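To start, the structure under review is shown below, and the notes come after it.
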Amino acid sequence: MATERYNAREAEARWQKAWTDNEVFKTRNEDPRAKYYVLEMFPYPSGRIHIGHVRNYSMGDVVARFKRAKGFNVLHPMGWDAFGMPAENAAMKNKVHPKAWTYENIATMRGQLQSMGLSLDWAREFATCDVAYYKRQQRLFLDFLAAGLVDRKKSKVNWDPVDMTVLANEQVIDGRGWRSGALVEQRELTQWFLKITDYAEDLLTALDGLDKWPEKVRLMQKNWIGKSEGLRVRFEVAGNAAPAGERSIEVFTTRPDTLFGMSFLALSPDHPVSKALAAENADLAAFVEECHRMGTSVAVLETAEKKGYDTGLRVKHPFTEETYPVYVANFVLMDYGTGAIFGCPAHDQRDLDFARRYDLSVTPVVLPDGADPAAFTVGDVAYTDDGTIFNSDFLDGRSVPDAKQAVAAALESRTIDGKPVATRQVNYRLRDWGISRQRYWGCPIPIIHCDDCGVVPVPVKDLPVALPDDVEFDRPGNPLDRHPTWRHVACPSCGKPARRETDTMDTFVDSSWYFARFTAPDAEDPTIPAMADAWLPVDQYIGGIEHAILHLLYSRFFTRAMKATGHLSLDEPFRGLFTQGMVTHETYQDASGAWVSPADVKVEMVDGIRRATLVTTGEPVTIGPVEKMSKSKLNVVDPNDIIETYGADAARWFVLSDSPPERDVEWTDAGAQGTARFLQRVWRLVSESAEIVGTATTSPDPSPAALAIRKAAHKALAAVDENLEGLRFNVALAKIYELVNVLGSAFANDRARFDADASFQAAFREGLEILVQIVAPMTPHLAEECWSALGNTGLVAMTPWPTLEPALLVEDEITLPVQVNGKKRADVTVPRDADAASVEAAVMQIDAVLKALEGKAPKKIIVVPQRIVNVVA
RNA sequence: GCCCCAGUGGCGAAAUGGUAGACGCACGGCACUCAAAAUGCCGCGUCCGAGAGGACAUGCUGGUUCGAGUCCGGCCUGGGGCACCA
């Protein structure tokens with residue numbers, strides 16, 4: 001029978017319309033069924049979607065469609081993370097307004113997502129740059145402020161002295177501003193902070209309850225919060241050299257046990273003592289300035305060569321009374337602990353690097369187990385493992401934890417100037433969240449500065465503080481600062497002329513509560529608490545691993561802060577988390593060094609070497625490393641080509657097949673054609689057999705051939721169910737291939753049976769229906785077309801998941817591999833419930849086993865039921 | 001530098017501590033065709049062997065175990081994050 005090829009383009013448009021017309025994906029709050037909230041991290045509207053988006057949203061859509069078929073009331077919304085720097089960069093480069101640029105991109109990308117056939121409730125869509133959204137965000141800020149969760153303090157930014165503007169870390173390249181090329185300086189600004197550290201302990205302990213999160217993400221967050229129990233120790237300054245009369249310098253240490261291995265004290269360049277000394281010492285001031293030119297990025301500070309400046313100040317060891325030098329060092333962070341450390345080079349690599357550079361003493365005080373105390377020395381590698389304390393007076397012979405206790409006990413009872421020398425302290429690495437950004441395209445912070453009243457919150461009734469549209473990007477800096485009228489406003493408190501805050505919020509704020517707003521996107525308040533509580537937490541959140549720490553931690557904090565201010569009543573926003581791998585691609589550069597898009601490059605093998613040329617001119621192109629797809633390197637692949645050539649289903653199937661979803665994949669479109677062929681094969685199988693199988697229903701007494709078909713179908717059903725539940729899409733797809741292979745070869749080779757055996761016909765129809773239903777989450781359009789070809793009138797999208805018959809999964813006989821000494825030598829087929837003794841007897845009959853035993857009697861025989869037999873000789 | 005993760009055929013990969021390589025791509029052979037495409041069937045880790053079969057093999061290295069891709073230690077390579085990219 002001749003069947004037309006499946007025309008994806010035509011069919012996809014038709015079924016998308018059917019779904020829309022039937023409002024299949026519109027979520028009703030009042031639906032009484034159990035809720036399921038599936039959410040993919042919303043995209044930044046950069047212009048067009050790329051393959052990474054297709055991968056992310058295909059996964060989420062499979063979950064949404066699967067859970068819908070399983071009888072859940074599914075919430076699956078979409079929005080836009082629409083504030084951020086690229087819009088301002090585009091404005092500067094192309095003279096287009098950030099707002100226009102952003103909304104145009106959103107329109108384009110919405111169209112692209114819709115062409116993918118995603119089962120989204122578009123009625124709930126919003127962009128974070130919508131005034132309606134950020135108005136509520138300003139309200140949250142004010143509530144947080146009232147609840148004491150907002151702070152205002154000084155912190156450092158990267159300052160470009162030529163462009164006179166603040167730079168993001170990304171915009172600092174090798175210590176210089178990306179546009180001006182000027183050496184970047186650190187500057188202190190008074191900025192707004194959210195007090196995430198108030199929740200440090202809670203954010204840490206609650207990680208244990210997030211059992212549906214990847215272990216690695218919980219670990220990363222745990223390390224990020226960085227709880228440590230240590231000691232603040234004050235070192236007495238020798239003589240009277242301290243600049244402002246300080247008699248002591250306080251350090252924080254988690255290794256008080258190594259106090260006798262001390263060889264120096266190091267201060268952050270931003271430490272008050274460093275600053276005071278620098279004021280009187282030009283050399284030190286120059287050094288501090290050099291430190292400040294490294295920018296604010298921790299990664300840069302930590303990878304820079306360890307450098308220091310000897311202040312001439314000396315401190316006394318609390319036990320030995322010996323004096324040690326005080327350095328200002330570039331690797332000591334002011335934000336952590338007290339901004340000062342004591343250096344024990346033998347047992348800390350950074351301290352060791354520093355000590356070697358400045359020729360300071362290295363005294364080991366922790367002895368590895370079994371080492372000779374007289375012979376143990378430290379070379380260029382610090383010893384950071386456990387051991388026994390030595391070279392340490394009264395601590396000698398103690399364990400590391402014991403020594404920590406002993407030092408704390410000895411020092412906390414002593415005093416300098418009436419204050420204890422040491423206090424025990426729990427310390428967190430986590431810092432408060434600085435949300436101030438000196439930029440236009442973000443949510444304005446709703447604050448007014450009045451000369452008389454100080455910092456005054458904008459009254460709720462005056463919200464929103466909307467961004468002015470009439471701004472220019474002809475020069476660097478924040479256009480809000482130089483706007484002629486916007487910042488001038490009457491003080492809400494006293495009515496006198498005052499100034500608006502011109503800082504806008506970090507875009508991480510926008511993405512820290514959008515999942516809650518989706519539960520009531522039109523509400524006057526930020527949320528409708530009952531609605532948020534009903535839908536949240538998100539049951540399955542899906543997004544890139546690159547957000548494992550910041551976005552997810554901020555969202556967890558925000559949820560707690562929203563609870564504290566009455567906007568919802570839960571702590572954890574995401575019950576299940578799945579972090580997908582990234583899509584990478586080769587990079588290409590032309591002769592001038594400019595990045596070239598893969599679409600413009602032709603790659604071929606010449607004499608066994610891969611060569612790349614420009615499609616247009618044939619000019620040679622340099623093949624660069626494989627990197628995460630990014631606009632700046634142009635190595636993005638636009639999925640439109642695949643969608644237009646093979647259809648959305650093919651694109652969806654393709655990105656889900658083969659690679660495990662959590663793993664990074666290097667993009668190659670070599671398999672796209674294979675995918676399209678497979679989908680045609682499914683269509684051919686269903687459409688050609690539809691007529692033959694008619695409307696036969698399951699027969700109670702199937703023939704062996706019919707039973708085989710039924711077993712294959714139900715096995716596939718069970719496997720797909722289990723693997724979709726576990727988000728192992730690639731494995732689920734492999735099981736579908738297997739079913740198609742079984743049905744396909746039965747149809748091709750067993751055609752006569754359809755007429756002769758009614759139970760076979762019925763089993764085959766059941767197999768086809770199961771096939772169509774289990775491919776539906778991945779290839780929903782094709783599934784609808786097949787469903788209809790089988791004579792069904794409803795939509796697959798509204799059809800419940802098929803019911804599994806577990807009896808069909810059970811085999812009467814099983815074949816076990818037989819090993820001799822761990823090497824496979826034979827197989828043995830036994831009844832499913834055979835006991836160990838009968839299996840052993842059967843195994844000892846096998847020639848191959850006896851041969852492998854070489855006449856020896858087995859020492860023991862291990863029978864793992866349903867699994868394996870191992871004969872140990 | 002610090003934290004986290006990954007590494008299996010030509011390629012993407014699969015494998016509750018239990019037969020390593022399911023499934024797919026690519027490739028090769030055959031069938032169908034005047035021919036091509038499409039489709040179908042067969043083969044496809046490496047080495048030895050005519051074959052039966054055997055040896056080796058999951059980045060490297062050591063260990064635990066009757067049995068290790070899987071667990072533990074050390075190393076190598078690649079990727080992500082490091083607080084103003086999102």
Side-chain angles (χ1 to χ4, degrees), chain A residues 5 41 43-44 46 81 83-86 157-158 166-172 214-217 219-224 226 296-304 306 331 335 349-350 353 429-439 506-508 511 544-551 553-554 579 581-582 584 625-628 630 632 657-660 662-666 668 670-675 677-678 680-681 684 728 730-731 733-738 741 744-745 748-749 815-819 821-827 859-862 864 866-873:
Chain A
R5 283 177 69 78
M41 290 179 187
Y44 178 78
S46 55
D81 188 12
F83 275 136
M85 283 202 316
V157 295
N158 301 306
V166 176
L167 299 177
N169 284 335
E170 185 190 52
Q171 299 172 319
V172 179
E215 185 55 37
K216 64 175 170 181
V217 175
L219 237 188
M220 281 191 263
Q221 292 214 350
K222 183 181 172 212
N223 291 337
W224 185 261
T296 60
S297 154
V298 174
V300 171
L301 300 184
E302 297 247 332
T303 46
K306 313 286 175 280
F331 62 91
D335 295 315
Q349 191 60 47
R350 278 190 312 195
D353 295 344
R429 208 185 69 100
L430 182 68
R431 309 200 297 255
D432 275 334
W433 176 12
I435 60 160
S436 283
R437 297 292 180 272
Q438 294 71 42
R439 296 186 217 296
D506 178 10
T507 56
F508 272 122
S511 54
I545 183 66
E546 66 270 27
H547 294 293
I549 297 177
L550 291 180
H551 162 61
L553 194 61
Y554 290 150
T579 53
M582 287 175 310
T584 60
V626 174
E627 294 187 52
K628 143 175 144 176
S630 76
S632 58
S657 61
D658 293 350
S659 282
E662 69 278 8
R663 199 177 292 182
D664 290 347
V665 287
E666 184 182 342
T668 153
Q673 220 179 332
T675 295
R677 269 205 301 271
F678 170 73
Q680 288 294 345
R681 191 170 166 222
R684 223 169 31 245
R728 291 177 292 270
N730 56 322
V731 185
L733 265 51
K735 302 300 178 183
I736 292 174
Y737 279 118
E738 286 180 0
N741 288 343
S745 58
N749 306 324
T815 299
L816 299 178
V818 180
Q819 296 180 333
N821 290 330
K823 286 201 175 189
K824 194 203 163 191
R825 296 296 176 184
D827 289 301
K859 279 194 197 124
K860 66 175 164 178
I861 301 177
I862 294 161
V864 183
Q866 323 270 319
R867 272 288 164 196
I868 201 168
V869 182
N870 192 8
V871 181
V872 185

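Predicted model only: the values in this text are computed from it and were never measured. A, B, ... follow the sequence lines: proteins, then strands. Residue 1 opens every chain.
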In terms of side-chain heavy atoms of A/Ile862, which of B/C66, B/U39, B/C82 is nearest? B/C66
From the set B/C23, B/G79, B/C5, return the single nucleotide nearest to any side-chain atom of A/Lys216. B/C5
Counter-base of B/C56, judged by Watson-Crick or G-U geometry with both distances under 3.5 Å: B/G45
Any chance you could measure A/Ile868, atom CD1, to A/Asp827, atom CG, to the nearest 0.5 Å? 10.0 Å
Toward the 5' end of RNA chain B, which comes first, A/Val217 or A/Ser659, by nearest nucleotide? A/Val217
Rounded to the nearest Å, what distance is computed from the NZ atom of residue A/Lys859 to the C1' atom of nucleotide B/U65? 15 Å
Whole-angstrom distance between B/A22 and B/C42, as gauged at atom P: 15 Å
With a non-hydrogen cut-off below 4.0 angstrom, is A/Pro660 in contact with a base, only sugar-phosphate, or nothing? sugar-phosphate
Per A/Pro86 side chain, nearest of listed nucleotides B/C23, B/U16, B/A86: B/A86
Counting the atoms with a prime plus P, OP1 and OP2 as sugar-phosphate, which does A/Gln819 contact under 4.0 Å by heavy atoms, base, sugar-phosphate, or nothing? base
Of the listed nucleotides (B/G80, B/C85, B/A14), which one gets closest to any side-chain atom of A/Glu170? B/C85
Quick note, A/Thr507 side chain, CB onward, closest among B/A86, B/C4, B/A22 is B/A86
Which nucleotide, B/C3, B/A86, B/G24, lies nearest any side-chain atom of A/Asp658? B/G24
Candidate nucleotides B/G24, B/A83, B/G7, ranked by approach to the side chain of A/Arg663 - the nearest: B/G7
Watson-Crick or G-U wobble partner of B/U77, both distances under 3.5 Å: B/A6
d(CG, A/Asp827; C1', B/G53) in whole Å: 15 Å
Pick base, sugar-phosphate or nothing for A/His547, based on heavy-atom distances below 4.0 Å to the nucleic acid. base
Pick the nucleotide of RNA chain B nearest each of A/Arg429 and A/Val872; which residue has the one closer to the 5' end? A/Val872
Any strand counts, and the cut-off is 3.5 Å on both contacts for Watson-Crick or G-U wobble. Which nucleotide pairs with B/U16? none
Is the phosphate of B/C56 approached by A/Lys823 (side-chain N or O, under 4.0 Å from OP1 or OP2)? yes
B/U70 -> Watson-Crick or G-U wobble partner, both distances under 3.5 Å, gives none
How about CD on A/Gln673, more than 12 heavy atoms from neighbouring residues, nucleotides or ligands closer than 6.0 Å, or not? no
Side chain to side chain donor-acceptor pair (under 3.5 Å) assessment of A/Asn158 paired with A/Thr296: CA-CA 6 Å; A/Asn158 301 306; A/Thr296 60; 3.2 Å; yes
Under 3.5 Å, is there a donor-acceptor pair linking the side chains of A/Asn741 and A/Arg681? yes
Which part of the nucleic acid does A/Leu301 contact within heavy-atom distance under 4.0 Å: base, sugar-phosphate only, or nothing? nothing
Out of B/A83, B/U19, B/A13, minimum distance to the side chain of A/Pro817 belongs to B/U19
Once you apply a heavy-atom cut-off of 4.0 Å, does A/Asp353 come out as touching a base, just sugar-phosphate, or nothing? nothing
Which nucleotide in B/C5, B/A86, B/A22 has an atom nearest any side-chain atom of A/Leu219: B/C5
Are A/Asp81 and A/Ser511 linked by a side-chain donor-acceptor pair shorter than 3.5 Å? no
Side-chain donor/acceptor contact of A/Asn870 with base of B/C66 under 3.5 Å: yes
Scan every strand shown for a Watson-Crick or G-U wobble partner of B/C82, both distances under 3.5 Å, and answer none if you come up empty. B/G1
Side chain of A/Asn169 - closest among B/C5, B/C85, B/C82: B/C85
Can you tell me how far the OH atom of A/Tyr737 sits from the OG atom of A/Ser657, to the nearest 0.5 Å? 5.0 Å
Mind checking A/Asp335 for me? I need base, sugar-phosphate or nothing, with any heavy atom below 4.0 Å counting as a touch. nothing
According to the Watson-Crick and G-U wobble definitions, with both distances under 3.5 Å, which nucleotide is paired to B/C11? B/G24
Whole-Å gap separating C1' (B/G80) and CE (A/Met220): 7 Å
Report yes or no: is there a donor-acceptor pair, N or O only, under 3.5 Å between the side chain of A/Arg677 and the base of B/U39? no
Could you let me know what B/C34 is paired to, Watson-Crick or G-U wobble, both distances under 3.5 Å, or none if it's on its own? none
Quick one: sort the A/His547 and A/Phe508 rings into parallel, tilted or perpendicular, breaks at 30° and 60°. perpendicular
